[in-house]
Amino acid sequence: MPPEAIHDLRAISLDVSRRRAELSADIRAAAQVGRAPGQIDGYAVQSRPAILRRLATMISEKLPRQLDRLVAPEPAGVALTTAVALETGLPTTVIRAGGGIGGAIHRGELVAVVVQVIASGDEAVRTADAVCAHGAAVAGVFAAVDLDQGGGARLATAGHTLHTVVTISGSDSPQDRGLSG
Ligand SMILES: O=C(O)c1cc(=O)[nH]c(=O)n1[C@@H]1O[C@H](COP(=O)(O)O)[C@@H](O)[C@H]1O
């Protein structure tokens with residue numbers, strides 16, 4: 001077997017927790033440079049295809065089966081949501097800052113809200129509210145990075161469940177933040 005094939009086989013067999021740990025380390029390395037603890041540069045995440053592709057795969061693995069659509073806040077959620085759409089074949093719609101929509105949301109649809117970064121949860125709640133205002137149901141909020149600043153609790157209060165790929169907390173140890181060594 002050629003060396004590349006062996007490498008591919010190992011990549012396929014990595015379990016979810018190992019893949020998540022490796023992705024977390026790569027996100028920290030890319031997005032925490034020059035940032036205070038608990039903050040990241042979200043655009044550093046979406047500008048790296050190797051990170052974006054793995055985030056899209058991991059979010060896709062968390063989605064429920066019967067979904068009709070992915071909905072994201074514009075502009076921050078667009079790149080990630082498009083990547084998840086390419087992985088799943090689901091259509092996407094964006095919610096504009098002013099509340100308007102780009103694309104469609106139909107009454108009775110089951111929708112996943114996809115956000116890149118969740119901090120307070122305001123943006124995710126605003127996006128979910130817009131979905132409900134169009135008569136669709138929210139299956140959950142799926143975030144690439146949770147900054148552990150109360151977003152999960154804020155969403156729970158609003159009746160939504162947060163599913164996160166990576167959590168980056170301000171209280172992470174220097175090693176967790178990728179600052180050691
Ligand atoms: O996405 C970001 O880059 C981002 C990084 C960060 O460290 N803190 C932060 O709040 N963000 C922002 O997080 C928003 C969501 O914030 P909340 O509405 O507070 O959950 C994103 O659209 C970004 O603008």
Side-chain angles (χ1 to χ4, degrees), residues 20-21 23-60 62-63 69-85 92-103 105 111-134 136 138-180:
R20 184 183 294 120
L23 182 53
S24 175
D26 288 349
I27 289 173
R28 287 163 195 271
Q32 284 192 304
V33 178
R35 299 278 161 154
Q39 290 192 341
I40 67 162
D41 176 2
Y43 286 94
V45 172
Q46 64 173 255
S47 64
R48 286 168 171 76
I51 290 178
L52 197 54
R53 189 180 295 120
R54 284 181 288 160
L55 278 171
T57 300
M58 296 202 76
I59 287 176
S60 300
K62 290 172 178 282
L63 294 175
R69 185 177 302 279
L70 307 168
V71 174
E74 189 183 55
V78 173
L80 177 61
T81 307
T82 303
V84 176
T92 67
T93 296
V94 294
I95 306 299
R96 305 219 159 94
I101 69 168
I105 301 174
V111 164
V113 171
V114 178
V115 298
Q116 178 172 260
V117 176
I118 186 155
S120 68
D122 283 352
E123 185 178 61
V125 168
R126 199 167 55 241
T127 306
D129 284 351
V131 169
C132 297
H134 283 78
V138 175
V141 175
F142 298 80
V145 179
D146 179 12
L147 295 177
D148 198 20
Q149 294 171 10
R154 169 110 170 71
L155 280 166
T157 301
H160 306 297
T161 304
L162 174 63
H163 306 269
T164 310
V165 178
V166 171
T167 299
I168 296 179
S169 168
S171 59
D172 287 351
S173 69
Q175 187 175 11
D176 288 338
R177 297 202 302 268
L179 301 177
S180 66

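Each ligand, and each atom within it, is numbered from 1 in the order the structure gives. Positions are given from 1 along the sequence.
A salt bridge links Asp26 and Arg54; the closest N-O separation between the charged side-chain nitrogens and carboxylate oxygens is under 4.0 Å.
When all heavy atoms of Gln46 and Ala79 are compared, the closest pair comes out as OE1-CB, 3.5 Å.
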Side-chain polar contacts of residues 33-41 - donor-acceptor pairs under 3.5 angstrom, sequence neighbours left out - could you list them?
unit_1, atom_1, unit_2, atom_2, d
Asp41, OD1, Tyr43, N, 3.0
Asp41, OD1, Ala44, N, 3.4

Short N or O separations between ligand 1 and the protein, below 3.5 Å:
unit_1, atom_1, unit_2, atom_2, d
ligand 1, 3 (O), Gly42, N, 2.8
ligand 1, 7 (O), Ile40, N, 2.8
ligand 1, 7 (O), Ile40, O, 3.2
ligand 1, 18 (O), Asp122, N, 3.4
ligand 1, 18 (O), Glu123, N, 2.9
ligand 1, 19 (O), Ser120, N, 2.8
ligand 1, 19 (O), Ser120, OG, 2.6
ligand 1, 20 (O), Ala119, N, 2.8
ligand 1, 20 (O), Ser120, N, 3.1
ligand 1, 20 (O), Gly121, N, 2.7
ligand 1, 22 (O), Glu123, OE1, 2.8
ligand 1, 22 (O), Glu123, OE2, 2.9

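The closest donor-acceptor contact from the side chain of Arg20 to the backbone of Val166 lies at 3.5 Å or more, if one exists at all. At least one donor-acceptor pair under 3.5 Å links the side chain of Thr82 to the backbone N or O of Val78.
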- prompt: Checking side-chain hydrogen bond (donor to acceptor under 3.5 Å, both in side chains) for the pair Arg53/Thr57: CA distance, chi angles, key distance, verdict?
  reply: CA-CA 6 Å; Arg53 189 180 295 120; Thr57 300; over 6 Å; no

